[in-house]
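Here is the structure we will look at.
The model shown is predicted, which means the values in this text are computed figures rather than measured ones. Start at 1 with the first residue, then count along the sequence.
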Amino acid sequence: MVGTHVEVVGSASGSKAQNAEWFSSDLSPETLSSDQEASKFRISVAVSAAVDVQITLDSGTTWLKLNSGNTLVADSLYIFDVPTRFGDTFNMRTSTSGGCTVRVCRISEVGMEG
């Protein structure tokens, strides 16, 4: 049987400006070491308006849209799993003009699932 390890690594809420990172410091996988190469971040997110939500795994050099590039529906809860590797640095933002209010954003690292 494969065990599951879940560790809370971050949360955010409140008003977020366009292109402003939601976490003051980038999040990194906490359960990984150089000999454990991969885990995933499970993101639970709800926003106040129809906006795009983006993530970065490289401290903001590259931003990738969640939800197949479609805007999230206001006041709806979404859950995304994003693969992470040792050395990744993670953050989130919206690039939609006017920003949004983040109702909830919880990031958990899932170490293994069977």
Would the distance check show the side chain of [X] and the main-chain N or O of [Y] forming a donor-acceptor pair, the cut-off being under 3.5 Å?
X     : Y     : result
Tyr78 : Val73 : yes
Ser68 : Asn70 : no
Asn91 : Thr56 : no

Going by heavy atoms in the side chains, are [X] and [Y] under 4.5 Å from each other?
X      : Y      : answer
Pro29  : Arg85  : no
Val51  : Thr71  : no
Ile107 : Leu27  : yes
Met92  : Val102 : no

**Request:** Could you tell me whether the side chains of Thr89 and Ser28 share a donor-acceptor contact shorter than 3.5 Å?
**Result:** no
**Message:** Ignoring hydrogens and geometry beyond distance, is a side-chain donor-acceptor pair present between Thr96 and Asp52 at under 3.5 Å?
**Reply:** yes
**Complete:** Sorted by chain and residue number, the side chain to side chain contact (heavy atoms under 4.5 Å, CB included) partners of Asn19 (sequence neighbours excluded) come out as Arg93, Ser95
**Partners meeting side chain to side chain contact (heavy atoms under 4.5 Å, CB included) with Thr62 (sequence neighbours left out)** = Asp58, Leu64
For [X] versus [Y], what's the shortest heavy-atom pair and its separation?
X     : Y     : result
Ser48 : Asp75 : CA-OD1, 3.9 Å
Phe23 : Gly10 : CE2-C, 4.1 Å
Ala74 : Ala50 : CB-N, 4.1 Å

Distance (rounded to the nearest 0.5 Å) between [X] [atom1] and [Y] [atom2]:
X     : Y     : atom1 : atom2 : answer
Ile79 : Leu66 : CD1   : CG    : 13.0 Å
Trp22 : Ile55 : CH2   : CD1   : 11.5 Å
Glu21 : Ser59 : CD    : OG    : 7.5 Å
Leu57 : Phe41 : CG    : CZ    : 8.5 Å
Lys40 : Phe80 : NZ    : CZ    : 14.0 Å
Asn67 : Gln54 : CG    : CD    : 12.5 Å

**Complete:** Sorted by chain and number, sequence neighbours left out, side-chain hydrogen bond (donor to acceptor under 3.5 Å, both in side chains) with Gln18 holds for none
**Prompt:** Is Val82 reachable from Val110 through a run of hydrophobic residues whose side-chain heavy atoms are each under 4.5 Å from the next?
**Reply:** no
**Request:** Identify whether Val53 and Trp63 are in the same connected component of the hydrophobic contact network (ILVMFWY, side-chain heavy atoms under 4.5 Å).
**Result:** no
**Prompt:** Is Arg106 atom CZ crowded by more than 12 heavy atoms from other residues, nucleotides or ligands, each under 6.0 Å away?
**Reply:** no
